There are 2 protein chains.
Amino acid sequence: MHMDSLDKFDLAILDILQKDNTTSQKVIGEVISLSAPAVQRRIKRMQKSGVIQSNVSIINPEKIKQSITVIVELELYEESLKHLDDAKNLFNSTPEVQQCYYVTGDTDYILIMIVSSMSHYESLTRKLFFNNTNVKHFKTHVVMNRAKVGLNVPLD
Amino acid sequence: MHMDSLDKFDLAILDILQKDNTTSQKVIGEVISLSAPAVQRRIKRMQKSGVIQSNVSIINPEKIKQSITVIVELELYEESLKHLDDAKNLFNSTPEVQQCYYVTGDTDYILIMIVSSMSHYESLTRKLFFNNTNVKHFKTHVVMNRAKVGLNVPLD
DNA sequence: CGTGAAAAAGCGGCGTC
DNA sequence: GACGCCGCTTTTTCACG
């Protein structure tokens, strides 16, 4: 949970990798004036410490098939730790749930889901929300356009 | 915008890459029973066609420094194409805006932002929302916990 | 599509500061 | 501790069949 004091080299490396992680260690080294092995050591360290969570290809859902993105606001009855954890585990184990945020305010959870059809979504609401006695209310936003994706963290 | 008819090999490759794009073409080939160059040709084709949008490292914001994730619901006055495009371009050019979704219903846009502090967020609201005559109303959710990240598209 | 060779990248040890 | 240098191994890339 603690931050392992990233210096300006580390931040520069992250800035490159979060935009394009296929950039070779050699050119990264040229950009930040460091040798390729030094870059490699820093990347490995940040992977181990969890600063770099994963390396993935981002896929355009629109190009795949019938795929609909929906954003769901969730309100629970009880905010006890157990119920929050149950909800979290349920969402984590549901592949259609892409992202899950626990937020402050009247809304408790915000989910971003990708489903193949609205009937698919409807059956999921049954499983996740209607059959969940702790769900007080949920509101669905259907995404018409995903204008921006990146998970880039601003690094200054 | 059209889908370039992805066969089961393509989908299997995407399924691997969206979880870990450091997987070598050789092991991908072994999994789906194809040679490494064949895997590479398919990857290149999907990159060119836009199915694969980008290749990135995902960074844990909590490990970086003071970083706060907020989710904003936006309601506009006018939903004319010009105004929607203006808004879209504004959000696209703002680095703090991580993700931007145009949605149906009373809410028009949902933004996911990462800011270094609440005062940082406050100054952004001025620039993006208060100084924007087309913004009717916005609602802020502060993220306490990012329980799930992936941008994985379910592939069946 | 697969094979195989050449080029590039990743990886690890070792000496230095 | 971190750096750079130098080989070795793996991966990527691109010919050709």
Side-chain angles (χ1 to χ4, degrees), chain A residues 1-60 63-65 149-153 155-156, chain B residues 2-60 62-65 149-153 155-156:
Chain A
M1 199 71 78
H2 43 67
M3 72 179 85
D4 320 69
S5 61
L6 306 167
D7 61 16
K8 66 167 186 170
F9 290 113
D10 293 321
L11 292 176
I13 292 172
L14 290 177
D15 198 33
I16 294 172
L17 290 184
Q18 75 176 344
K19 285 168 190 148
D20 180 9
N21 73 350
T22 67
T23 315
S24 73
Q25 300 165 353
K26 179 164 158 282
V27 313
I28 295 176
E30 288 167 359
V31 171
I32 67 177
S33 305
L34 229 56
S35 71
V39 172
Q40 188 194 156
R41 281 189 285 264
R42 285 165 177 273
I43 292 175
K44 286 232 179 287
R45 181 163 44 78
M46 291 192 286
Q47 283 174 336
K48 197 169 183 180
S49 69
V51 174
I52 297 176
Q53 277 195 332
S54 56
N55 291 284
V56 301
S57 296
I58 292 182
I59 296 171
N60 187 346
K63 300 263 184 176
I64 291 298
K65 55 169 180 180
V149 200
L151 292 171
N152 292 9
V153 179
L155 309 165
D156 34 27
Chain B
H2 43 65
M3 72 179 86
D4 319 70
S5 60
L6 306 166
D7 61 16
K8 66 169 187 169
F9 290 113
D10 293 321
L11 292 176
I13 292 172
L14 291 176
D15 196 34
I16 294 172
L17 290 184
Q18 74 177 345
K19 285 169 190 148
D20 179 8
N21 72 352
T22 66
T23 313
S24 74
Q25 301 164 354
K26 180 164 157 282
V27 313
I28 295 176
E30 289 167 358
V31 171
I32 67 177
S33 304
L34 231 57
S35 70
V39 172
Q40 188 199 63
R41 280 190 286 264
R42 286 165 178 273
I43 292 175
K44 286 230 180 291
R45 180 164 45 79
M46 291 192 284
Q47 282 172 337
K48 198 169 182 179
S49 69
V51 175
I52 297 176
Q53 279 195 329
S54 57
N55 290 284
V56 301
S57 296
I58 293 183
I59 296 171
N60 187 346
E62 296 174 16
K63 299 263 184 175
I64 290 298
K65 54 170 180 178
V149 201
L151 291 170
N152 292 8
V153 179
L155 309 165
D156 32 25

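Proteins come first, then strands; the chains are lettered A, B, ... in the order of their sequence lines, and each starts at number 1. Since the structure is predicted, the reported quantities are computational estimates derived from the model, not experimental observations.
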> Expressed in angstrom and rounded to an integer, what is the separation of A:Ile28 atom CD1 from C:dG10 atom C1'?
Replying inline: 12 Å
>> With a 4.5 Å cut-off on side-chain heavy atoms, are B:Leu6 and B:Met46 touching?
In response: yes
>> Contact between B:Asn21 and B:Ile52 at the side-chain level, heavy atoms closer than 4.5 Å - yes or no?
In response: no
>> In the structure I gave you, are the side-chain heavy atoms of B:Asn55 and B:Gln47 within less than 4.5 Å of one another anywhere?
In response: yes
> For the pair made of CZ in B:Arg42 and P in D:dT12, what is the distance, rounded to whole Å?
Replying inline: 17 Å
> With respect to the side chain of A:Pro37, which nucleotide from C:dT3, D:dC5, D:dC3 is positioned closest?
Replying inline: D:dC5
> Between C:dA9 atom P and A:Asp20 atom CG, what is the distance in whole Å?
Replying inline: 13 Å
> Out of C:dC11, D:dC3, C:dA9, which has the shortest distance to the side chain of A:Ser24?
Replying inline: C:dA9
>> Can you identify which nucleotide, out of D:dA2, C:dG2, C:dG10, has its nearest atom closest to the B:Ala38 side chain?
In response: C:dG2
> Which whole-number value in Å describes the distance from A:Lys26 NZ to C:dA8 C1'?
Replying inline: 9 Å
>> Quick one, A:Ile16 and A:Lys19 - any side-chain contact, counting heavy atoms below 4.5 Å?
In response: no
> Nearest-Å distance, CG (B:Asn21) to C1' (C:dA9)?
Replying inline: 15 Å
> To the side chain of A:Gln40, which of C:dC11, C:dG2, D:dC14 is closest?
Replying inline: C:dC11
> Taking CD1 from A:Ile43 and P from D:dC3, how many angstroms apart are they, rounded to a whole number?
Replying inline: 12 Å
> What integer distance in Å separates B:Gln25:CD from C:dT3:P?
Replying inline: 15 Å
> How many Å lie between CG on B:Asn55 and P on C:dA9, as a whole number?
Replying inline: 16 Å
>> Pick the closest DNA chain D nucleotide for B:Arg41 and for B:Thr23 by heavy atoms, then say which residue is nearer the 5' end.
In response: B:Thr23
